[in-house]
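Along the sequence shown, residues carry numbers from 1.
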Amino acid sequence: MKIFLSYASEDRSVAEDVSTSLRNRGYDVFFDRTDLPSADTYEDRIEDAVNNASLFIFLISPRSVAPGKFTLTELNIARKKWPVAKRRVL
């Protein structure tokens, strides 16, 4: 199962722990620190990763829901893919 992990950069240490835990359980996790080649267009790669994921995990924090954060863009991409988030967006 492919999982997209969305988080605010200020929450990176928690996100790394979540990513590691999921990978240790055999899941394929898209984690920007390891899965975004520098040559790719950031926004296009993110959109492709969300669209290819089976599950979207959004780490909610005051920073991830702050106005102007890219995490909200990621969440909007997930909303377009899954208008009904049941069992797909956590």
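- Lys81 contributes a side-chain N or O that, together with a main-chain N or O of Asn51, makes up a donor-acceptor pair within less than 3.5 Å.
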Evaluation steps, side-chain contact (heavy atoms from CB on, under 4.5 Å), between Trp82 and Arg87
CA-CA 10 Å; Trp82 298 293; Arg87 297 189 218 171; over 6 Å; no

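- Checking side-chain atoms of Arg12 against main-chain N and O of Ala8 turns up no donor-acceptor pair under 3.5 Å.
- In this structure, Phe56 and Ser6 approach most closely via the heavy-atom pair CZ-CB, 3.6 Å.
- At least one donor-acceptor pair closer than 3.5 Å links the side chain of Ser64 to the backbone N or O of Ser61.
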Just do the side-chain contact (heavy atoms from CB on, under 4.5 Å) check on Leu75 and Thr71 with the steps written out, would you?
CA-CA 6 Å; Leu75 188 57; Thr71 49; over 6 Å; no

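- Atom CD of Glu16 and atom CG of Asp11 lie 11.5 Å apart (nearest 0.5 Å).
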Evaluate Glu74 against Phe4 for side-chain contact (heavy atoms from CB on, under 4.5 Å), listing each step before the verdict.
CA-CA 9 Å; Glu74 295 170 346; Phe4 185 94; 3.9 Å; yes

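- Between Ile46 and Phe70 the shortest heavy-atom distance is CG2-CE2, 3.9 Å.
- Taking OG1 of Thr73 as the reference point, atom CD of Glu47 lies at 10.5 Å (rounded to 0.5 Å).
- For the pair Val89 and Leu55, the tightest heavy-atom approach, listed with the atom from each and the gap, is N-CD1, 4.4 Å.
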Go through the steps to decide whether Lys69 and Glu10 satisfy the test salt bridge (charged side-chain N to carboxylate O under 4.0 Å, His left out), and finish with yes or no.
CA-CA 11 Å; Lys69 285 301 231 179; Glu10 297 89 351; 3.0 Å; yes

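- Side-chain atoms of Ile3 and Ile57, non-hydrogen and from C-beta on, do get closer than 4.5 Å to each other.
- Separation of the Phe31 and Tyr7 ring centroids falls under the 6.0 Å cut-off.
- The CD1 atom of Ile77 sits 11.0 Å away from the CG atom of Leu72 when rounded to the nearest 0.5 Å.
- For the residue pair Val29 and Ser19, the shortest heavy atom distance occurs at CG1-OG, 3.8 Å.
- Once rounded to the nearest 0.5 Å, the distance linking CG of Asp17 with CG of Leu22 reads 11.0 Å.
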